[in-house]
Protein chains: 2
Amino acid sequence: MVRKTRVDTLATRNALLDAALQVFRERGVAHTRLADVASRAGVTRGAIYWHFRDKAELFAAVCERGTLPVEALLAEASRSQQRDPLATVKQLALMALKQLATHADTQAMFDVIFHKCEFTEDLAPVVAKNDADRAACLSQVRALFDQAVAIGQLPPDTDTALATHGLHAYLVGLMHEWVLAPASYDLARCAEALLDTYLAGLSQRPPRCPKPT
Amino acid sequence: MVRKTRVDTLATRNALLDAALQVFRERGVAHTRLADVASRAGVTRGAIYWHFRDKAELFAAVCERGTLPVEALLAEASRSQQRDPLATVKQLALMALKQLATHADTQAMFDVIFHKCEFTEDLAPVVAKNDADRAACLSQVRALFDQAVAIGQLPPDTDTALATHGLHAYLVGLMHEWVLAPASYDLARCAEALLDTYLAGLSQRPPRCPKPT
DNA sequence: AATCACATACATTCATGTATGTAAATTGTC
DNA sequence: GACAATTTACATACATGAATGTATGTGATT
C-alpha cells in the first residue's frame, strides 16, 4: 500500500507534524534527524521530503499549526468590545495563559520555541513571522492601552509603549518559565491573579521613562 | 612559535571563549563548527581540544564566565541589608537589568542563552547548573518577600511563592525580549520604572491563588 | 494513462574525534 | 648557570560516521 486517498495524505502530514513536535522537544530542532521524525510517524524520510522541502519548512509548518489558535484569539478580540479596553487586554492575556495551561500540545510548542530551538538564519522565515506577530500583538495591545488612558482607566502620564513592553515581557516570562516546571504552580488557577497584580501596578504606578540628563 | 608562557595560554583560552560567544550568537550553538571558533580566535581546532573536551564543555565554560558577575551580585546581596527587604529585591533586579543594558558581552550571553541555544541532553551540565541557580535565586527572593510580609511591607495575605514566580518571570521576559530588539526602548533608563510598576502591583494587589473548587 | 504519495537506494558532504608531530618552555641535575 | 629531559600548548593529518539531498522505483488512484 503506497498510494493513499487525499484524506490519508492529510493524515500522514498531520502525523508528521505531531511526530516532529515530539522529536523537536526531545532532541532539539537542530539535533533532530528527519529519519527519527519519519519513523515516529510510521513512515520514511521519503514522506517528509514529499510534504516539505527540508527541516526548516517542516519546523515552519509545525509553528504555523501551533500558533493558529492564538492568532485566532487575537484577531477575534481585535473586532470585539472596546468599551472596556483594560478588561479586553486582561482577557487576551488570560486566554493565552489558559491555552498554555490546559493544552498539552501548546505546552510542547512553547517548550520547543523557548528552549529547544535556535533562531538563526536557516529558520529565517519563522523568525520573520515571529517578529511580525510580536509587532502586531504589541501595537494592538498598545492601542488598547491608549484607549484606556483616553477614557481614564489608566493615568494620563502612562507611557503606553513601556507598559505594553512590560506586559508582553511579563507574559513571555511566565510562559517561558512555567513550561520549564509546570508543577511549580497551578498556572490555570493563578493566571488571573498574576495578571491582576501587574495591571494593578499599571494603574497605580504606570511606567514613565526619565528623560536623559 | 607553538609553546607559549602560562599567561599566553590563558590568553588563548579567553580568546577561544570570546570567539565561541560570537560564533554561538551568529550561528547558534548546535550549528557552530569548532573550526569556526578556532579560526575566529586565530588558532586551530587543536587548541580547542586541548582546553576543552568538546563543544559542550566549551559552552559550559562560556556560560560559567558569563554568569559569574551576576552570581557575585546575588551572593553579595545575600549578606547585606535586611532592614528593607523590598528595596533589596528591587536593587537586585535593577542591577541585573542594568548589567544587561550596559554590557555588550552580557547581552551576547543572554542572546545565546535565550535564542541561540537548545537545552537538550548534550548540554545537561549547563541545564543542571541553570536549574540550580534559578532555584537558589527564587528561594532567596522568596525569603526577602517573606520578610517584607513579616514587617508589613507587603500585605499579610501575599502568596510569596507566586509573587516570586511573577517577579522572576517579569525579569526573564524583560531580558528575553529586550535582547531581541535593544533599540525598542532604553532599558538602562526605564528599568527602575518597569520594576516599580510590578512592585506597586505587589503591594496593592498581591497574587493569591484561588482554592480548587 | 498519467500522476500521486510515498519507499528505497545511493552518493556526497561535513564535522567530529583522535592520533601524531613539534617547538618552546619548564624542570631537574650538576 | 649550562645542559639535557620532560612536559606543555598547540598544529596538522587522518579516519570515521552520520545526516542530508536526490534519484529512482512502485503500486494504487483518478
Side-chain angles (χ1 to χ4, degrees), chain A residues 1-20 22-24 26-62 116-118 120-125, chain B residues 1-20 22-62 116-118 120-126:
Chain A
M1 58 204 154
V2 177
R3 161 85 156 143
K4 314 284 187 60
T5 168
R6 305 173 206 78
V7 24
D8 286 342
T9 300
L10 198 59
T12 61
R13 191 188 134 96
N14 280 324
L16 283 173
L17 293 179
D18 292 337
Q22 290 180 28
V23 181
F24 285 163
E26 293 171 11
R27 303 253 209 270
V29 176
H31 289 96
T32 288
R33 302 166 284 206
L34 294 185
D36 288 348
V37 174
S39 66
R40 178 82 53 119
V43 292
T44 69
R45 279 170 50 244
I48 296 184
Y49 281 99
W50 172 256
H51 286 279
F52 312 97
R53 183 143 40 103
D54 52 13
K55 194 201 287 181
E57 206 175 287
L58 172 62
F59 178 69
V62 170
K116 305 298 171 50
C117 170
E118 301 182 352
T120 54
E121 303 171 350
D122 49 340
L123 299 181
Chain B
M1 58 206 160
V2 177
R3 163 84 158 140
K4 315 281 188 58
T5 169
R6 305 174 205 78
V7 22
D8 287 341
T9 301
L10 197 59
T12 61
R13 191 190 133 95
N14 280 325
L16 283 174
L17 293 180
D18 292 338
Q22 290 180 29
V23 181
F24 284 163
R25 193 180 195 185
E26 293 170 12
R27 304 253 209 270
V29 176
H31 289 97
T32 287
R33 303 167 283 208
L34 294 185
D36 289 347
V37 174
S39 68
R40 177 83 53 118
V43 292
T44 69
R45 280 170 49 246
I48 296 184
Y49 281 99
W50 173 256
H51 286 280
F52 312 97
R53 185 144 39 105
D54 52 15
K55 194 202 285 181
E57 204 174 291
L58 172 63
F59 178 70
V62 171
K116 307 296 171 53
C117 171
E118 301 182 351
T120 54
E121 303 171 347
D122 50 340
L123 299 180
V126 180

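Scope of the values below: all heavy atoms of this structure, side chains included, with no hydrogens, waters or symmetry mates. Chain A is the first sequence line, chain B the second, and so forth, proteins listed ahead of strands; every chain is numbered from 1.
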Q. Can you tell me if CD on B:E57 sees more than 12 non-hydrogen neighbours from other groups inside 6.0 Å?
A.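 Above 12, so yes.
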Among [options], which nucleotide sits nearest the side chain of [X]?
| X | options | value |
| --- | --- | --- |
| B:V43 | D:dA9, C:dG17, D:dA11 | D:dA11 |
| A:W50 | D:dG21, C:dC6, D:dA11 | C:dC6 |
| A:T44 | C:dT8, C:dG17, D:dT22 | C:dT8 |
| B:H51 | D:dC10, D:dT20, C:dG17 | D:dC10 |

Q.
Looking at B:T12, I'd like to know whether one of its side-chain N or O atoms comes within less than 4.0 Å of OP1 or OP2 on D:dA9.
A. no
Q. Hey, which of these two, B:G42 or A:G46, hits DNA chain D nearer its 5' end, going by closest nucleotide?
A. B:G42
(Q) Could you work out, with side-chain hydrogen bond (donor to acceptor under 3.5 Å, both in side chains) as the rule, every residue matching B:D122, not counting sequence neighbours? (A) A:H31, B:T120
Q) What heavy-atom pair brings A:A20 and A:V62 nearest, and what distance separates the two atoms? A)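 Heavy atoms only, the tightest pair is CB-CG2, 3.9 Å.
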Q | Inter-residue atom distance B:L16.CG - B:F52.CZ, 0.5 Å rounding | A | 6.0 Å
**Q.** Rounded distance (nearest 0.5 Å) linking atom CZ of B:F24 with atom CD of A:E118
**A.**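 It is 9.5 Å, given to the nearest 0.5 Å.
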Without decimals, in angstroms, what is the distance between [X] [atom1] and [N] [atom2]?
| X | N | atom1 | atom2 | answer |
| --- | --- | --- | --- | --- |
| B:L10 | D:dT8 | CG | P | 16 Å |
| A:I48 | C:dC6 | CD1 | C1' | 12 Å |
| B:R53 | D:dC10 | CZ | C1' | 19 Å |

Side-chain polar contacts of residues 41-49 of chain A - donor-acceptor pairs under 3.5 angstrom, sequence neighbours left out - could you list them?
residue : atom : partner : partner atom : Å
A:T44   : OG1  : A:G46   : N            : 3.3

Give each protein N/O atom lying under 3.5 Å from an N/O atom of nucleotides 10-15 of chain C, with the pair distance.
residue : atom : partner : partner atom : Å
C:dA15  : OP1  : B:R33   : NH1          : 2.7

